[in-house]
Every structure is written in C-alpha cells, then in structure tokens.
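Both backbone and side-chain heavy atoms feed into the values below; hydrogens, waters and symmetry mates do not.
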Amino acid sequence: MALRGVRVVELAGLAPAPLCGMILADFGAQVVRVDRTPRSAVATDVQGRGKRSLALDLKRAPGAAVLRRLCCGADVLIEPFRHGVMEKLGLGPEVLLQENPRLIYARLTGFGQTGKYAKSAGHDINYLALSGVLSKLGRKNENPYAPINLLADFAGGGVMCAMGIITALYERTKSGKGQVIDASMVEGVAYLSSFLWKSQNLGLWNRPRGENLLDSGAPFYETYKTADGKFMAVGAIEPQFYEQLIKGLGLDSDKLPGQLSFSDWPEMKKKFASIFAQKTQAEWCSIFDGTDACVTPVLSFDDVASHQHNKQRSSFIKNDQEETSPRPAPLLSRTPAVPSFERDPFIGEHTEEILLEYGFTKQEITELYSEKVIEVSKPKANL
C-alpha cells in the first residue's frame, strides 16, 4: 500500500483525529492509538479500523517519557488537544522535533494554535459558524442549520489534516525534515468552501439563503417525497438535463415557465412535489435510471450497500463482525488501500507488542505496568 512503512502515533480523541488516523491506516500506515488510562475509560474511537491500541497515562512523567520514546521512532504524531495541553505535559513540538527532527507533528484542533479562540472549547457547529459556511446552509425563512457534523469535523478537520500529513511526508523526502501542521477545522472548512467565495461574482448566491440555485431554492435542485414515503434527489441544472427531467415527469416544457424564472420557482416546486408523490421510489428509478435527468434515489444506510451501482463497485465492505462501512476512497490503480477486516482494537489491547516494537525491554514494560503507567486489555498477559 502507498503508506506502507509509515509509523503513526495517534493520541486518542474525538471524531476528526480518529478519521485522520483511519485514513492513514487504510492506505497502509502502521497506526498506534495511544489511549488514556484507567482502562475503565470508554473507547470513543469508532474509526479504529487497522489501528492498534496502547493504554498510557500521559499525565504522569513516566507516561510522557514513554510517548517521547515512541515519537523518536515515529514518522507522524496526530495530536487533537486544545492549544497548550501538550506543552504542559512537556510534549510540545519544540521538544519532540528536537529529539526527532523528521517527525511530522500534526495538531488538529477546532480553532487552531493561535487567535482569540485558540484555547476555547467548540464543536463542528461552532467551527462551521466561524468559517462563514454555516450562514449559507438552510432553507428559505429558516435558521441556518449544520448538516450533522460532517463538514467541519470530518471534511475540514480529519481529511484536511490527512492531506497535510501526506504533503509534509512528501516534502520530507526532499528535505529530510519534519514540521508542525496547524490544522484548524475553521480554516479547513473555509478552504473547502473556496468555490462559494470565488463564485460570488457569478450570481449564484445573490438571493437570500434558501432561494439560490444550489441551496434548495431551485425546483430542479431539490429532494421530493415519493408515494412510499421515500425520496428522490433532483440535480437537473443544465438545460439539456432539465429537459429530460421534465420529460420523465410527464410534463411539456413548452407549457411551463422558463427554467430560470425565479418568481415561478415556488409554484414549480409544488408541481414537481405533487407529481413525485404519485409514484414509489422504485417506479421513479425505473423511469430515470439510464437517463441524464440527474435524478437518483435518496438511499438509507440500510439500502445503500445493496444498490446495484454500489454493489458493482464494491463501495461498501463488511468486517469480521458483519459491520458495514464505506470502502476507502479514492481508488489507487496500483497501490490501492486494503482496509483491515478485523474488529476495532480494545483499549490497551496491543500495549506490550507495540512497546517491544519501539525498543522497550521486557523489564521496562514490567516496571511500567507495575507502576500503572501502562495498561493492557488482558491483565493476565505475559508481562
């Protein structure tokens, strides 16, 4: 795989950092997740695919010393804490990079390492708000709304951080030096919205929220309920695609207002809605599949893996626990990702084997265990 041989240490955190680590693991990196102790702590990482777990008490000096040794042998550290936390532990980048100048030190936070909010708590909706993107999301005459926590946490956070890590790893092949990545979810989701910024002069966003072409204002870019309570998604923007939509709905375009007649959009929405409500989702699929009307079913998680297109591409996989999840993307032709099919690791499951790999002796491991600096998922393990 593309990242084979890359050693990653991921400090356990919430949603974005685990995704970042999972992406690297899916594409071949050896990812060690450093979990908190005591072991009674609840595992919050549901994106542990392909990772191994080491349980370590970072708040104690011997635990911090263990992490320093791990980072001496690692290529990447993923750190998800608020500004200043690692410095208090004596694990800031100035320390770790001095000991390992090749280390990529990725700091993934909501607000970034500097600025007024650097030490403030926040969640996806807050980062989305501060980026400006939230102001664009929502229907006409409604409050802005955050679409789950996908945009800032995962796209602007986990994915952007992974991209930064890959970029820094590539640069290191030329310079031989590591560096610090300041991955802010506010800036990540703002960067993700570059099209919104750069298309403002095109007139796409001149109208109030929820009344524009791509924000649920247009009748031809919308979702509609079907007779069986399911939904169809319509994205017939271009005139030739719109014509096929009209044809599939059994309408005559000569008897309808122009596609871009804004004042008629509300009435056209009602008309489209009443027509879509007359047939089931399956019936609409039989009409629109194979056309360029840009009409597709809104699939539930229960249905998505069995849809013919997704089945043909093996877009979803099952692990050995029969849990379904998306296959890693994008597909590489020569060195594709090969995700692990094993269950996610228990906290501390691989503590001993990881420490041995990173050069710790059996005696050192025994001492760390007796001092409760480390923990293992099976206390009766041969220590």
Does Arg7 qualify as a cation-pi partner of Tyr358, given the criterion of NZ or CZ under 6.0 Å from the six-membered ring centre and within 45 degrees of its axis?
yes
On a heavy-atom basis, which atom in Ala55 and which in Thr351 lie closest, and how many Å separate them?
N-OG1, 3.2 Å
Any residue meeting salt bridge (charged side-chain N to carboxylate O under 4.0 Å, His left out) with Lys279, in chain and number order, not counting sequence neighbours
none
Can you list everything that forms a side chain to side chain contact (heavy atoms under 4.5 Å, CB included) with Asp292? Sequence neighbours excluded, please.
Phe241, Gln244
Show every side chain to side chain donor-acceptor pair (under 3.5 Å) that has at least one partner inside residues 53-67, sequence neighbours left out.
Asp35-Ser53
Can we say Arg107 and Glu87 salt-bridge, meaning some charged N sits less than 4.0 Å from an Asp/Glu carboxylate O?
yes
With Trp265, which residues qualify under ring-ring contact (aromatic ring centres under 6.0 Å, His included), at least two apart?
Phe220, Phe262
Which residues satisfy the salt bridge (charged side-chain N to carboxylate O under 4.0 Å, His left out) test with Glu357, sequence neighbours excluded?
Arg52
Counterpart residues, side chain to side chain contact (heavy atoms under 4.5 Å, CB included), relative to Leu130 (two or more places apart):
Phe111, Tyr117, Val186
Kindly confirm or rule out a cation-pi arrangement of Arg313 over Phe316, judged by NZ or CZ under 6.0 Å from the six-membered ring centre and within 45° of its axis?
no
With distance as the sole test, does Asp26 use its side chain to make a donor-acceptor pair with the main-chain N or O of Pro339 at under 3.5 Å?
no
Is the closest basic N to carboxylate O distance between Arg139 and Glu142 below 4.0 Å?
no
